[in-house]
Amino acid sequence: MGIISSSFVRNCWYVAGFSHDFPADRIESRKIAGDPVVLYRRSDGHLAALADRCAHRHAPLSLGRIEGDDLRCMYHGLKFSPDGTCVEIPGQDRIPDRSCVRSYPLVEKGGWVWIWMGHSDACDPGLIPPVCDFDDPEWVQSSGQLDYEAPYELINDNLLDLSHLAFVHADSFGATTGWSDRQPRHMLLDRGIRVERWIEAAPPIPPLPQLSASDTVDIRSCYEFHIPGIFLMRTSFHRTGAAKAANWGDPVDEELFAHYSCQSVTPIDMRRSRTLFSWGPGAAFGDRAMAQQMIAMADHAFREDKVIIEAQFANLDEESGVPMLATQADKPLTIFRGIMQKARNRERDGSVAEAAQAAVPTEVPPMAQAS
Ligand code: FES
Ligand SMILES: [Fe+2]
């Protein structure tokens, strides 16, 4: 199938979960980019991640037992340290070198858990995308999660083309065709793309209690999308007319309201994906109760995405041979797909260190400009 890649970008940080998904004394299993992974907290509270497959006869270590810092397989009792070294084989003194399991680098930061699925020599915490920490004083954030029976690339595509809001989310978000009738500006980042747009004289998303139902705002929506599927969106509301006053660039009018959302797309395997998301108001504009209302709204809206994306995947699965039609709105996702393909190519070509570096395409389609 042409638009679904046959491999993952591996030299990058995927979101394995939120910190609160991994309480002490609990063993969690995840499948990430096709790899079964077991995660648990060491006695000092740091998370460890190992291949969820015992070196002995491949039983899942997630059915094992935490012993201090180590994890014991509860089939025949092999014990592994957090770096994957086998430290005990019941009934024998000699521990062969190859009895280890793979360990994965992990970084836990601001409530997000990042896992490096690629070559350990290329691992660089500096490449973690700048998501909003849950303890960031500027924003109040709540969180959610949704799984898709669809490849992660289709979800990336969805987030890279917000013109779909006007159609998929017309009821849930009350989005108007203002989201689709003007092309956004976009620019390349080191490992992704930035997309900026104005939606003029539109109902606010989420609705603002201080406005009557007939009041509109100009919405400034800017997001970055980073390898491998990290979406960071800042949105602000301004008086109607603010877009024109700003010449459709950075706002010059005051913010009536602002909100921030981070969303991650993590492939489970080639056909399934997990999204984790945060959303909430600026601390100057709302509180935790508002953030929770917004997350409930997002959860409802993302289930609308899930319906159309899974149905799209079912169609793609039939491999009709009919080519897709490209539109102007496809530009950001086409560019991002180029960035991802270049990263895949570098990994395939074996340049481990280079693969982790900026992976921008050398040739970029012309930028669409807001008119
Ligand atoms: S399968 Fe794990 S100890 Fe045998
Ligand atoms: Fe959507």
Side-chain angles (χ1 to χ4, degrees), residues 27 29 36 38 40 50-67 70-81 84-92 94-96 98-102 144-148 150 152-180 184 195 197 199 205-206 219 221 223 225 229-233 235 259 261-265 273-279 294-313 329-330 332-333:
I27 302 173
S29 64
V38 56
Y40 70 99
L50 301 176
D52 192 12
R53 188 180 283 125
C54 177
H56 179 219
R57 299 193 67 78
H58 292 196
L61 291 175
S62 52
L63 296 179
R65 182 169 71 199
I66 300 170
E67 296 185 4
D70 303 330
L71 192 57
R72 186 184 295 279
C73 178
M74 292 302 282
Y75 197 175
H76 313 98
L78 269 70
K79 189 162 85 168
F80 301 91
S81 67
T85 306
C86 183
V87 292
E88 186 183 330
I89 299 179
Q92 73 180 58
R94 199 177 73 79
I95 299 179
R98 62 183 183 81
S99 49
C100 59
V101 295
R102 179 176 178 182
Q145 170 182 319
L146 185 63
D147 288 356
Y148 289 68
Y152 74 101
E153 287 169 298
L154 297 185
I155 305 164
N156 283 359
D157 289 351
N158 169 274
L159 290 167
L160 281 155
D161 176 7
L162 296 189
S163 70
H164 80 268
L165 264 71
F167 306 98
V168 178
H169 306 308
D171 295 332
S172 56
F173 280 152
T176 64
T177 52
W179 287 85
S180 59
V195 179
R197 55 161 44 88
I199 303 94
I205 304 171
I219 301 173
S221 165
Y223 65 85
F225 205 87
I230 309 298
F231 173 87
L232 316 169
M233 182 169 74
T235 305
H259 58 82
S261 178
C262 301
Q263 301 174 33
S264 65
V265 184
S273 311
R274 171 161 294 176
T275 61
L276 291 104
F277 46 91
S278 67
W279 197 24
M294 290 168 70
I295 280 292
M297 179 186 247
D299 186 75
H300 178 70
F302 295 162
R303 287 174 196 279
E304 296 171 324
D305 290 309
K306 178 177 161 75
V307 169
I308 192 90
I309 291 170
E310 290 181 351
Q312 176 197 22
F313 181 45
D330 298 339
L333 65 92

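Numbers here simply count residues along the sequence, with the first being 1. Order of appearance sets the numbers: ligands from 1, and atoms from 1 within every ligand. Quick note: numbers below take in every heavy atom, side chains included, and nothing from hydrogens, waters or symmetry partners.
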* **Reported CD1-to-CD distance for the pair Ile155 and Gln263, which is rounded to 0.5 angstrom** => 11.0 Å
* Asked: For the residue pair Pro90 and Leu78, what are the closest heavy atoms and their distance?
  -> CD-N, 3.9 Å
* Asked: Considering only the protein, which heavy-atom contact is closest to atom 1 (S) of ligand 1, and what is its distance?
  -> Arg57 N, 3.3 Å
* **Angle subtended at atom 4 (Fe) of ligand 1 by ND1 of His76 and ND1 of His56, nearest 10°** => 90°
* May I ask you to decide if the ring planes of Phe231 and Tyr223 are parallel, tilted or perpendicular, using 30° and 60° as cut-offs? => tilted
* To do: Count the heavy atoms belonging to other residues, nucleotides or ligands that lie under 6.0 Å from CD1 of Ile308, then report whether that count exceeds 12.
  => no
* Asked: Which ligand 1 atoms, with their elements, are less than 4.0 angstrom from a heavy-atom of Ala59?
  -> 1 (S)
* Between the main-chain N or O of Ser163 and the side-chain N or O of Ser180, is there a donor-acceptor pair closer than 3.5 Å? -> no
* **Angular separation of Asp305 OD2 and His164 NE2 about the Fe ion (ligand 2), given to 10°** => 140°
* With a cut-off of 4.0 Å, which atoms of ligand 1 are near a heavy atom of Gly77? -> 3 (S)
* To do: Report yes or no: does Cys73 have an N/O/S atom closer than 2.8 Å to atom 2 (Fe) of ligand 1?
  => yes
